[in-house]
A.B. asks: 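Would you mind keeping the following structure in view while I ask a few things?
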Amino acid sequence: MSHTTAVATPEIAPVAIPVRQLAPWALFSALLAVVTLYFVGSEQGATTLLSGTGVHEWVHDGRHLLGFPCH
Amino acid sequence: MNPRSFLIHGLIAGLLGGLVAFVVALGVGEPAINDAIAEEESSAAAAHAAEHAEEGTSTEGHSHGDEEGGISRGQQAGPGLATATVLFGVVLGGVAGIGAAFAAGRFGRLSPVATTGLVVGLGFLSAVLVPWLKYPPNPPAVGSGDTIGERTALYFGFLAISVLAVIGALIIARRVLEDRSAWTASVTGGAFYLGLVGLATVLMAPIDEVPDSFPANTLVDFRVGSLLTQSALWLTIGVVLTGLVHRAWTARAAEAVRLEKAQAL
Ligand SMILES: [Zn+2]
């Protein structure tokens, strides 16, 4: 087994993480993303879950500058 | 390098991205928003006066100048803006981290660092740049309240099509890569994305609500400010996330070398 191992960062083949192992993490972050996207991007605009306009007004400038339609 | 470490790296990158985006938004976005609100107030005052002169009726509309729900302009531009960018940044970073975990090891011999860069780059293209071109964001005082439902549906619909099309393009490119060159795979994936998004661009209704009287400079400043804010967010996520993945990847490679040496003895 004569191998030249004097390289600083050797080439090792990247291994894919199995989808079954990734799925719960993906589901969790997708759920979190949808909720956040909704509250930052749309709550109390086109649709409303909470009464009043507090959420809309608080994230208002961020909603505009992150590219969402505001009002 | 497991899903958990990718997610944590993504969340860290997203937190930093959100903070950088806040600073950029404060510097290049807020001035245009303030100009737009000043414009809205002066034209609203003029319209109000004209209405009173005609009939004596008054209309209640959405205005930004005065405090609404006890939230002032200073709060909107400071802590409110920070809440939005940081919250959005952290979650986006987490999604980017998981996306990078999916891509790692799935594109030929590309290293996890390269595939992470690919995911963030294509994410920016499909979730920011292309939607910005089709439905550019508007400052306050532009757009009628009656069409907010329709505009929201169009924007999120187009965003979803663009992001799903890029994921589809990556899956197709991976298939092609199995027995063709990386060039063929990239061009096939690119053609799929451009074809689908091009079709959506042509078929989906335009939004054209900027009043003719609205100052063009304020509109351009706002749209560029919005693009810069989002670019700052994605660029920071890309730099930090690839950096963290690089660190984990070289540590793992060094570990592999140690094991190989131990076996050779
Ligand atoms: Zn607004």
Side-chain angles (χ1 to χ4, degrees), chain A residues 1-48 50-71, chain B residues 1-4 7 25 29-30 33 62 64 68-69 71 75-77 80-81 83-85 87-88 91-92 94-95 98 101-102 104-106 109-112 115 128 131-132 135 137-140 143 145 148-149 151-153 155-156 222 225-226 229-230 250 252-254 256-257 260-261 264:
Chain A
M1 305 300 129
S2 62
H3 230 64
T4 43
T5 47
V7 211
T9 46
E11 296 266 323
I12 60 169
V15 182
I17 304 169
V19 172
R20 211 192 296 170
Q21 206 181 324
L22 279 164
W25 296 87
L27 198 70
F28 166 71
S29 41
L31 217 68
L32 208 66
V34 167
V35 171
T36 310
L37 201 64
Y38 174 74
F39 274 96
V40 173
S42 185
E43 164 69 356
Q44 293 166 355
T47 51
T48 300
L50 306 172
S51 63
T53 57
V55 174
H56 175 117
E57 295 302 331
W58 186 256
V59 298
H60 178 268
D61 288 19
R63 185 174 292 184
H64 275 280
L65 286 168
L66 291 171
F68 299 105
C70 182
H71 47 70
Chain B
M1 304 193 79
N2 50 48
R4 186 171 165 274
L7 178 63
E30 283 298 330
I33 290 187
H62 179 113
H64 295 87
E68 286 165 54
I71 294 163
Q75 282 173 310
Q76 285 184 336
L81 177 62
T83 308
T85 56
L87 204 64
F88 189 74
V91 168
L92 184 63
V95 171
I98 293 298
F102 265 99
R106 287 196 159 84
R109 283 194 313 245
L110 285 183
S111 77
T115 50
V128 177
W132 186 89
Y135 294 125
N138 284 329
I148 180 64
R151 282 182 288 123
T152 302
Y155 177 77
F156 280 100
F222 172 80
S226 168
T229 300
Q230 296 184 79
T250 44
R252 196 184 148 145
V257 170
E260 206 168 273
K261 269 184 184 163

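Chain letters run A, B, ... following the sequence lines, proteins first, then strands; residues in each count from 1.
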A.B. asks: How would you list, by chain and number, every residue that makes a ring pair (Phe, Tyr, Trp, His ring centres under 6.0 Å) with B:Phe88, sequence neighbours excluded?
C.D. replies: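 Checked B:Phe88 against ring pair (Phe, Tyr, Trp, His ring centres under 6.0 Å); matches are A:Phe68.
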A.B. asks: Tell me, side chain or backbone of B:Thr229 under 4.5 Å from chain A's heavy atoms, or both, or neither?
C.D. replies: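 Contact with chain A is through the side chain of B:Thr229 alone.
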A.B. asks: Just so I understand: if I count every heavy-atom pair under 4.5 Å between each of B:Arg106, B:Gln75, B:Arg151, B:Met1 and chain A, which residue has the most?
C.D. replies: B:Arg106
A.B. asks: Going from OG1 on B:Thr83 to CG on A:Asp61, what distance comes out if it is rounded to the nearest 0.5 angstrom?
C.D. replies: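 Rounded to the nearest 0.5 Å, the OG1-CG separation comes out at 11.0 Å.
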A.B. asks: Hey, could you give me the CG/CD distance between B:Asn2 and A:Gln21, rounded to the nearest 0.5 Å?
C.D. replies: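 B:Asn2 CG to A:Gln21 CD: 7.5 Å, rounded to 0.5 Å.
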A.B. asks: Counting heavy-atom pairs under 4.5 Å to chain A, which of B:Pro137, B:Gly80, B:Ala84 comes out on top?
C.D. replies: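 Ranked by heavy-atom pairs under 4.5 Å with chain A, first place is B:Gly80.
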A.B. asks: Ignoring hydrogens and geometry, is there a side-chain-to-backbone donor-acceptor pair from A:His64 to B:Asn138 under 3.5 Å?
C.D. replies: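 Yes.
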A.B. asks: Examine whether an atom of A:Val35 lies under 4.5 Å from a heavy atom of chain B, and if so say whether it belongs to the side chain, the backbone or both; otherwise answer neither.
C.D. replies: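 A:Val35 has no heavy atom closer than 4.5 Å to chain B.
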A.B. asks: Between A:Ser42 and B:Phe156, what is the shortest heavy-atom contact and its length?
C.D. replies: CB-CE1, 4.2 Å
A.B. asks: Which one wins on heavy-atom pair count under 4.5 Å against chain A: B:Gly149, B:Gly225, B:Pro139?
C.D. replies: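 Winner by heavy-atom pair count: B:Pro139.
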A.B. asks: With side chain to side chain contact (heavy atoms under 4.5 Å, CB included) as the test, pick out the partner of B:Leu81 among A:Leu65, A:Val59, A:Leu66.
C.D. replies: A:Leu65
A.B. asks: A:Phe28 versus chain B, heavy atoms under 4.5 Å apart: side chain, backbone, both or neither?
C.D. replies: side chain
A.B. asks: Between A:Pro18 and chain B, with a heavy-atom cut-off of 4.5 Å, which part of the residue counts as in contact: side chain, backbone, both or neither?
C.D. replies: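 Looking at A:Pro18, just its backbone touches chain B.
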A.B. asks: Checking A:Val15 against chain B: side chain, backbone, both or neither under 4.5 Å from a heavy atom?
C.D. replies: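 Both parts, backbone and side chain.
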A.B. asks: Testing the basics here: between B:Val95 and A:Ala33, what is the closest heavy-atom pair and its distance to 0.1 Å?
C.D. replies: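 Scanning both residues completely, I find the closest heavy atoms to be CG2-CB, 3.7 Å.
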A.B. asks: Could you look at B:Leu110 and say if it's the side chain, the backbone, both or neither that has a heavy atom under 4.5 Å from chain A?
C.D. replies: backbone
A.B. asks: Taking the side chain as every heavy atom from C-beta outward, state whether B:Tyr135 and A:Pro69 have any pair of such atoms under 4.5 Å apart.
C.D. replies: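 Heavy-atom side-chain distance check fails, nothing below 4.5 Å.
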A.B. asks: Grab the two heavy atoms, one from B:Gly105 and one from A:Ala16, that are nearest each other, plus how far apart they are.
C.D. replies: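 Minimum heavy-atom separation between B:Gly105 and A:Ala16: O-CB, 3.8 Å.
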A.B. asks: What part of B:Ala101 gets closer than 4.5 Å to chain A, counting heavy atoms only: side chain, backbone, both or neither?
C.D. replies: both
A.B. asks: Which residues satisfy the side-chain hydrogen bond (donor to acceptor under 3.5 Å, both in side chains) test with B:Glu30, sequence neighbours excluded?
C.D. replies: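 With neighbours one apart ignored, the set is B:Arg73.
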A.B. asks: For B:Phe102, is it the side chain, the backbone, both, or neither that has a heavy atom closer than 4.5 Å to a heavy atom of chain A?
C.D. replies: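 Its backbone and side chain both get close to chain A.
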A.B. asks: Would A:Trp58 and B:Gln76 satisfy side-chain contact (heavy atoms from CB on, under 4.5 Å), going step by step from the backbone distance to the final call?
C.D. replies: CA-CA 6 Å; A:Trp58 186 256; B:Gln76 285 184 336; over 6 Å; no
A.B. asks: For B:Ile33, is it the side chain, the backbone, both, or neither that has a heavy atom closer than 4.5 Å to a heavy atom of chain A?
C.D. replies: side chain
A.B. asks: Does any part of the side chain of A:Pro14, heavy atoms only, come nearer than 4.5 Å to the side chain of B:Pro112, both counted from C-beta?
C.D. replies: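 Heavy-atom side-chain distance check passes, below 4.5 Å.
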